[in-house]
Amino acid sequence: MSTEVVAAETAVNTVVDNSAGLKAIGAALAVSATGFASAWTEKEIGCAAIGAMTENENLFGKGLILTVIPETIVIFGLVVSLLIIS
Amino acid sequence: MELLQKLRRYYPGSRKKGGSRKKGSSNYAYTTTRVRAMKVHLFPKETYPRLMNMDLNEMTRFIQESKYKDAIDEMARNYKGVDLIENALNRNLAVTFTKLIDISEGELNLLISEQLKEYDIWNIKTILRGKYCNASTEEIMEAIVAAGSMHYTEFAELASKDTYQEVISELVESEYYPILEQYTGDNLDDIENQLDKKYYADLFDVIGLAKSKDRKLFANFTRTGIDVKNLMTLFRLKKSGMTDPEYMDLMIDGGSQMTLVDIERMLDLPFEEFIAELENYPCWDEISDVVSSDMESLSIVESRLKKYRLKSAISSSRFYPLSIVPIMDYMLSKKNEVNNLRIIIRGKAANLGDDFIREQLVI
């Protein structure tokens with residue numbers, strides 16, 4: 001095997017290794033960014049829900065539902081990250 | 001947590017001039033939503049015509065069964081009848097506004113506390129007026145609304161003093177002392193004006209350069225309030241035929257629509273021209289049908305101007321739901337509710353005509 005072919009194979013392997021790493025970074029970003037986004041929105045909605053509940057306890061159910069709605073963002077992020085790494 | 005909030009209320013020393021407290025610690029989502037939930041408990045406008053059709057006992061029972069129950073139970077030991085209701089209304093107002101200071105944080109807390117200093121000034125003025133006309137401690141305390149930074153017991157202590165000199169010497173540590181020390185016993189109107197001007201100057205000092213959206217909104221709210229106050233004073237002066245430029249001292253600087261120059265110009269105009277000039281201002285739509293050159297009473301104009309301010313606060317709170325405006329809107333609405341109830345109850349107790357009472361209401 002000539003030296004050029006070996007060099008080319010090494011280069012291809014490096015690119016393949018790099019793409020796997022980039023995929024992992026992409027997947028991590030998808031989960032972490034959506035995780036932060038949903039945490040931030042849940043904090044705001046949760047605060048508001050607690051404020052409303054303090055004055056009217058009957059709003060507990062509505063408050064709970066509204067607080068967990070942003071959780072869908074992180075689920076989308078998780079699905080996207082699974083698609084990236086699969 | 002509650003203890004920390006109370007300590008913060010009593011020792012607000014961390015505040016800096018120019019309102020430089022960090023914005024990041026404000027809890028707008030919590031406070032505005034809680035305040036909106038509190039606003040639901042305000043009486044709807046349909047309540048007032050119903051109250052007007054009740055006699056005094058029915059009204060008392062109606063208020064006793066409402067959210068004012070706790071305050072009435074608390075005050076029932078010392079007062080009865082109309083006095084009980086009036087004191088309970090004041091007590092409820094103070095508790096509600098103090099609660100706003102307790103539940104807010106950061107910049108929001110700073111702005112609400114500054115706004116509520118209006119009641120500190122109101123109470124100091126009430127005590128000085130009481131001393132001026134030799135009112136008893138109980139009579140003075142009936143008009144006290146301890147919703148600002150000073151506590152009810154502090155005002156009770158001040159009201160129990162024998163002379164105004166003793167009251168003022170008790171306030172030597174207060175920020176109002178430089179003004180109060182000029183009180184000689186016969187210049188109360190001047191002192192009251194200076195206190196009001198100081199209140200607005202301090203508010204604008206806290207707002208600072210109004211870089212953030214909330215401070216701009218708060219500044220606009222305050223400026224609209226100044227416009228309404230100045231316009232009411234202007235109406236009273238014009239109606240009494242007082243056009244001397246020295247009355248400009250009664251006006252407060254900082255209005256959004258009317259500058260002091262505009263007011264000075266209007267002060268000189270005859271009443272008909274003054275009314276014509278008002279057509280250029282946004283409040284005209286609200287007052288146009290009650291203002292005329294031969295009008296006798298100003299009470300309806302004043303209630304319409306208050307309504308204009310309330311309406312502008314309500315519309316701003318819809319545009320900016322997560323800001324200070326819904327809280328200011330609530331404070332204004334709550335104060336208005338208490339005023340309306342007081343007007344109806346006192347009016348009924350004094351056997352005033354229904355039409356006259358209705359004119360005074362801001363619904």
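FYI, side chains are in, hydrogens and waters are out, and symmetry mates aren't considered; it's all heavy atoms of this structure. A quick note: this is a predicted structure, and the numbers were derived from the prediction, not measured.
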(message) Using only non-hydrogen atoms and a strict under-4.5 angstrom cutoff, which residues of residues 32-39 of chain B touch chain A?
(response)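 Under the 4.5 Å heavy-atom cut-off, B:Thr33, B:Arg34, B:Ala37, B:Met38 qualify.
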(message) Give the interface residues of residues 321-334 of chain B toward chain A, defined by a heavy-atom separation under 4.5 Å.
(response)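 The list, in residue order, is empty: none.
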(message) Does anything in residues 30-49 of chain A reach chain B? List residues with heavy atoms under 4.5 Å apart, or say none.
(response)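 If one takes a 4.5 Å heavy-atom cut-off, the residues of residues 30-49 of chain A near chain B are A:Glu44, A:Cys47, A:Ala48.
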(message) Counting only non-hydrogen atoms closer than 4.5 Å, can you tell me which residues of residues 59-81 of chain A sit against chain B?
(response) none
(message) With a 6.0 Å cut-off (strictly less than), is the heavy-atom count around NZ of B:Lys69, excluding the residue itself, greater than 12?
(response) no
(message) Is it true that, when you exclude B:Tyr79 itself, more than 12 heavy atoms of the residues, nucleotides or ligands shown sit nearer than 6.0 Å to its OH?
(response)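 Result for OH/B:Tyr79: enclosed.
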(message) Looking at every heavy atom in both B:His41 and A:Glu55, which two are closest together, and how far apart are they?
(response)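 What the structure gives for the nearest pair is NE2-O, 3.9 Å.
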